[in-house]
Amino acid sequence: MTSEQITNTGSVSGDCGSAQARARTHVQAYVQTQARQNGSAKDGSATNGPARNDSAKGGPSGQKHGLQRCHAMLRPASRHALLPWLTSIIGVASALCLVIAWFPSTVWNTPIVSSDAPAHYYFIHRLLDEGLGAALHLWPHDSFYPPLFHICAYLVIKIAALFGVQCSIYAAFNITWIIASGVIFPAGMLVLCRYFLQRWNRGNPISNPISRISQASSTPESSSVSESSNVSNQQVSSAVNRQYNVTFDATFVLQNLIGLFVPVLAVSSVCHPYGLLNAGPLIAFGFATSLLPFLIAATLRLFDAIAAREHIAKWLAIAAVAGVVCLVAHPRIAFTYALILVPFIVLRLPWKLILGAFIAMCVGAVAFVALMLTSFKSDRWANPASWFHSHQPSKNLWESISFCFTDGLDGFPAILFALLLIAGTVAAFVCAFRRAAMRSADSLSGAVSTVAPDFSADADALASDTEVSAPAVSPVSASGLPAASCSDAADLSLFASSEPSRPRRNDRLRDVIALTTAFLLVTLVYVCTVTLVGALPNIISAPWYRDENRIMTMLPLVALPLLVIGVNALSECVSACAASASFAPSASSFSTKNSASSSSSVPSSSSVPSLSSASAVSSVRNVSFASNWIGPIAAFLVIAILAVSAQIVCPSRTAARDAIIAHSSLNQGDPNEQLTEQKITVLRKVTKRTGTQATIISDPLNGSMYAETLFNANMLYPIINARTDVPSAPFGKVETAFASGDAQQVLGTVCPLTDAPEYFLTMGDQAQSLQSFPYRAQYDSFHNEELIDTYVDGGTLVKVADYSQYGQGWALYRFGCTD
């Protein structure tokens with residue numbers, strides 16, 4: 001067993017200690033097995049000299065050689081133990097720099113003017129006013145809203161204050177988004193992709209015929225070789241090991257360098273995190289999406305623990321904690337989690353747990369339907385085709401499908417991503433099927449060897465002259481050298497059967513099928529959302545509000561892991577085929593030399609070549625380069641080109657950035673937009689006149705709600721969606737009273753709100769950018785000029801400040817209460 005076999009697993013997981021323990025176990029088992037086999041064959045091989053018995057049959061020299069080999073294997077593992085951590089840190093740091101470079105600088109001092117932004121700013125403001133106890137009832141009517149993002153922003157402000165730095169709500173909001181998008185999400189994607197790479201490479205052999213040359217020199221068949229031939233083979237084996245150790249370092253480094261680009265690719269797509277900052281912004285859902293890769297990885301580790309029947313409690317606790325954190329970020333992320341995990345549940349869990357998981361999903365679906373029916377009153381529930389009646393398709397079928405296969409990238413990076421995704425998936429299926437076939441053949445071979453462990457010398461000689469077609473064993477050519485083929489990359493390692501925690505059969509195939517199915521499910525939901533109409537698409541996309549921006553976030557979660565294992569499979573195929581091509585002439589040379597030595601000094605029944613040092617080292621160098629360098633270098637270059645070009649050609653991300661800059665600009669052509677220079681001036685003057693304790697009532701769709709976080713004003717409607725169907729909320733009562741035209745009802749409803757004075761502010765019509773808001777009509781009475789004039793004439797409203805120089809009809813009124 002070579003050091004690369006040991007380190008492949010350790011390099012992915014970063015667990016050098018476990019890799020070293022497995023290495024010791026494998027080497028000890030190998031030495032003991034060889035000692036038993038050689039001890040039993042000693043009586044029938046008396047013609048071999050004492051030195052032969054001592055070195056090859058587990059004697060003191062053989063045991064010493066085994067320990068030296070073990071030590072040689074462990075040195076590279078310990079030397080490169082920190083390399084995965086180093087590449088991970090550099091990769092995440094690069095992703096963070098990309099996110100910071102993209103982030104619009106205009107929103108550090110002014111808010112993002114959009115539909116959901118005022119609510120998020122208000123939630124942070126309320127935490128600052130009332131403390132963390134308000135986290136369970138952030139809405140103005142004291143109902144629950146997922147608070148994790150806002151708690152993090154609150155903590156940013158408090159931590160900055162400890163160092164004497166005053167951090168505004170907008171700055172804390174932006175810092176929290178950058179950390180979630182530039183650190184948490186790429187780190188989570190790296191953890192998830194490394195998990196699949198670990199399973200892909202676990203128990204993976206060295207797709208290198210060189211290692212088989214070394215193994216061939218110590219097989220039982222070589223016991224009939226003369227002393228001089230044995231010494232020559234030992235020299236070749238030593239040369240092989242030295243050359244292999246050199247190439248191992250470069251291979252290991254290249255494989256880890258590919259991990260540099262996983263975090264970069266995670267933040268290269270407009271799908272996430274950039275799209276959600278522009279849409280709404282959908283901050284809470286985006287924060288939960290950034291956390292979701294950790295939950296998926298923990299759940300898959302739990303599935304592994306269940307299959308191995310060890311560490312179940314540990315991974316169950318970790319998955320439970322990660323699940324609670326994601327639900328506190330946004331409960332609706334559970335639908336994304338369930339959609340992605342369904343294929344893995346079906347393929348990797350026992351049937352009882354599969355049944356239990358689907359029962360839990362059904363219970364959750366029923367609870368969700370009940371919540372929707374009780375929370376949102378509608379007469380269209382029985383007619384799914386009428387749901388989302390205002391929704392319009394945004395892409396045709398080809399555009400929506402191609403968007404999924406390109407992960408939302410643009411131009412050349414999109415084409416390259418799609419080609420790698422498709423070709424890599426095909427290669428992964430091919431490698432997985434080959435591995436499954438070879439495992440089956442290996443099981444059959446093991447059963448045959450159990451029934452008939454010993455063969456005659458004549459049978460051995462016949463087998464050495466006949467090509468072995470079974471793929472489970474190392475193919476042996478007529479020259480006595482292992483034959484190389486493109487399927488060698490999927491072969492089994494020498495010590496796979498002695499591994500304490502042997503991977504389950506067909507792990508590769510299960511992962512490829514599950515990832516491909518999850519990708520197709522996400523594609524289906526996306527196509528239903530942006531292209532199809534009718535009852536079925538409405539039902540399928542309803543958990544995500546039939547919102548394209550929410551569903552886009554799922555694409556990187558499935559496309560990037562599928563791309564990573566696909567590129568890994570392509571690397572295996574390229575390396576194996578390159579090794580096969582370069583090994584053919586070497587095998588021919590060895591065959592010629594072997595024939596000459598066999599006619600002079602080696603019995604004809606031997607299948608082991610006697611190799612000269614010069615030809616051996618030359619062949620080792622050629623084959624080692626082909627099998628260890630070609631595939632990783634090709635994969636590294638392709639991934640590097642994809643990651644770099646995605647930062648150069650990125651019009652979608654640029655468009656999202658420009659849209660946010662436009663939303664945060666105060667230089668608006670329409671004076672009725674949410675925030676303009678004039679409205680900022682008016683809101684500042686209003687707050688200075690009323691103070692921060694008096695209650696101010698206004699139409700929230702004219703931008704007045706931003707006064708809550710800009711100037712600490714006490715707005716009765718600090719968010720756009722002020723629900724009227726909650727008994728504890730004053731919004732519905734004030735709205736109904738104001739629209740009634742009854743002065744007594746208005747004063748009887750408004751005056752008891754607080755002990756401080758109550759004011760009414762008019763700032764024109766509702767903003768055009770908020771015309772898609774479905775409940776905008778409930779505020780029409782607050783900008784009805786005739787109704788307002790009626791209240792002014794009757795003394796219900798008293799004008800205290802006129803702002804008509806900034807906009808027609810803009811004024812501040814005080815309610816005629818007795819306070």
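Residues take their numbers from the sequence shown, with the count starting at 1. A quick note: this is a predicted structure, and the numbers were derived from the prediction, not measured.
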Is the cationic atom of Arg508 (NZ for Lys, CZ for Arg) positioned less than 6.0 Å from the six-membered ring centroid of Trp200 and within 45 degrees of its normal? yes

Would a distance-only check, ignoring hydrogens and angles, find a side-chain to backbone donor-acceptor pair under 3.5 Å from Gln668 to Ala662? yes

To the nearest 0.5 angstrom, please state how far the CZ atom of Phe173 sits from the CD1 atom of Ile124. 6.5 Å

Side chain to side chain, Pro556 and Asp407, heavy atoms closer than 4.5 Å: yes

Parallel, tilted or perpendicular: ring planes of Phe196 versus Phe344, cut at 30 and 60 degrees: tilted

First locate atom CD1 of Ile179, then atom CZ of Phe149, and finally report the distance between them rounded to the nearest 0.5 Å. 9.5 Å

Does Asp507 come within less than 4.0 Å of Arg348, counting only side-chain N to carboxylate O? no

For the residue pair Thr553 and Phe285, establish whether any side-chain heavy-atom pair is separated by less than 4.5 Å. yes

Plane angle bin for Phe403 and Tyr526 - parallel if under 30°, tilted between 30 and 60°, otherwise perpendicular: parallel

Atom OG in Ser114, atom CG in Leu770: separation rounded to 0.5 Å? 7.5 Å

Interatomic distance, Tyr545 atom OH to Thr529 atom OG1 [nearest 0.5 angstrom]: 14.0 Å

Strictly by modelled atom types, are Thr299 and Trp315 linked by a side-chain donor-acceptor pair under 3.5 Å? no

